Protein chains: 2
Amino acid sequence: MARNSSGFRREILEVASRLFAVTGFKGTSLQDIAGEVGCSKAALLYHFDGKDAILTELLTPAVEALAELDVRLAGLDGDTAVRPAVEGFVDLVLRFRREVKILYDEIPEMLRHPALAGVLEMSDRLVDALAGRTADPEAHVAALMVLGAVPVVGTQPVPLGDDELRAVLVRRALHTLDHDDTRP
Amino acid sequence: MARNSSGFRREILEVASRLFAVTGFKGTSLQDIAGEVGCSKAALLYHFDGKDAILTELLTPAVEALAELDVRLAGLDGDTAVRPAVEGFVDLVLRFRREVKILYDEIPEMLRHPALAGVLEMSDRLVDALAGRTADPEAHVAALMVLGAVPVVGTQPVPLGDDELRAVLVRRALHTLDHDDTRP
DNA sequence: GTCTATAGGAAGATAGAC
DNA sequence: GTCTATCTTCCTATAGAC
């Protein structure tokens, strides 16, 4: 036959990974995967113990790589941890883009909701403004960083009052964008 | 009676908002909301035209505020847009924390999946390493910013090759953390 | 190994009693 | 206005034929 068992497994994982990254885990049904692969739901469930098992097999390498980074950093004190942490984290994210997208693309999935019409376009223009309306790729990257950074900090518990948090966030975002405040 | 119509509507919105922010939109059923409010699904659907209508009413103020910022920034050229963009964005996120959480907390919902066991704890330790293992709140904020920034950039289309993107990301992340590379 | 058929359940939404 | 009961649809997962 054209595809052996393990080849079929890999094909299922490949399709599932792509669909999960686009429509989210919950937003993707076995039907969707089966349709794309060109087989039945039952065939999927012969090769995997369930939808969860597919996700688990998909994410395990990335989680293991994170665990390795975790161990590596545990041995480093204070300042010496910063650079390895940054490099390790960046490498991890870039290496497992697809897997990270599975986590994060529940957001674009939500952004397709009618209630959020136009938000994507406004975000693009916001990034443009944050980048100082230049075509410089590095400014664009820095602007995207701010776009991702602020919501995470804003929705996470932080040991700061609201006014203080606002001031710190604005200052550090401007710093990231190389627009440090020089006013008195 | 104890609660009038509009009071009931507000209570439904309040409960829905909280549940959406914790378990995500798709992860929260009308049953869940009704149970928490202490009424039936039918009662919910008497006051709202459906689950989507609840979400829409919940997110509309935040989307409108974003639209206002969008208009305000459209009139500003180049560099002059950066600071208002940063301040406007930070204010927006902090003012609509709950709504932003509804978008972003599809992720923590996923992080509860067995395949991702331990990832939250490892993330906490990663933030600690990124912050240089200090108790300084600003360093902690900067570390959280990097944690949020890198995945967004890594999963977004950027006009850079992989090696270049890695280099830019590492450099700017270190810059955000005040650990700029001073090596030759 | 892969299929069809179906069980079994949960979701959103509706109908009609009160 | 709010309820119970029900409808429809979609989901995951299983059983058994081929």
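The figures that follow rest on heavy atoms only: side chains count, while hydrogens, waters and symmetry mates do not. Computed from a prediction, not measured in an experiment: that's the story for all the values here. Residue numbers begin at 1 in each chain, while the letters A, B, ... track the order of the sequences.
Arg9(A) has its CZ atom 16 Å from the C1' atom of dT2(C), to the nearest Å. Atom OH in Tyr46(B) sits about 13 Å away from atom P in dC3(D), given to the nearest Å. We find that CZ of Phe48(A) is positioned 12 Å from P of dT2(C), with the value rounded to whole Å. Atom-to-atom, CD1 of Ile12(B) to P of dG1(D) comes out at 12 Å; the value is rounded to the nearest Å.
Residues satisfying the side-chain hydrogen bond (donor to acceptor under 3.5 Å, both in side chains) test with Arg125(A), not counting sequence neighbours, are Asp70(B). Under the rule for a side-chain hydrogen bond (donor to acceptor under 3.5 Å, both in side chains), Asp49(B) has no partner lying at least two apart in sequence or in another chain. Taking Arg72(B) as the reference, nothing meets the side-chain hydrogen bond (donor to acceptor under 3.5 Å, both in side chains) condition, with sequence neighbours excluded.
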Are there any protein N/O atoms within less than 3.5 Å of an N/O atom in nucleotides 11-18 of chain C, and if so, which ones and at what distance?
from    : atom 1 : to       : atom 2 : distance (Å)
dG12(C) : OP1    : Lys51(B) : NZ     : 2.9
dG12(C) : OP2    : Leu30(B) : N      : 2.9
dG12(C) : N7     : Lys41(B) : NZ     : 3.4
dA13(C) : OP2    : Lys51(B) : N      : 3.0
dA13(C) : N6     : Lys41(B) : NZ     : 3.3

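Within the structure, a side-chain polar atom (N or O) of Ser40(A) is placed less than 4.0 Å from OP1 or OP2 of dC3(C).
Annotation: salt bridge (Lys or Arg N to Asp or Glu O under 4.0 Å) contacts involving residues 128-139 of chain B, sequence neighbours excluded, comprise Arg171(A)-Glu138(B), Arg172(A)-Glu138(B), Asp128(B)-Arg133(B). Every pair passing side chain to side chain donor-acceptor pair (under 3.5 Å) that includes a residue from residues 53-63 of chain A is listed here, sequence neighbours excluded: Arg9(A)-Glu57(A).
For the pair Lys51(A) and Phe25(A), the cation-pi test (distance below 6.0 Å, angle within 45°) is passed.
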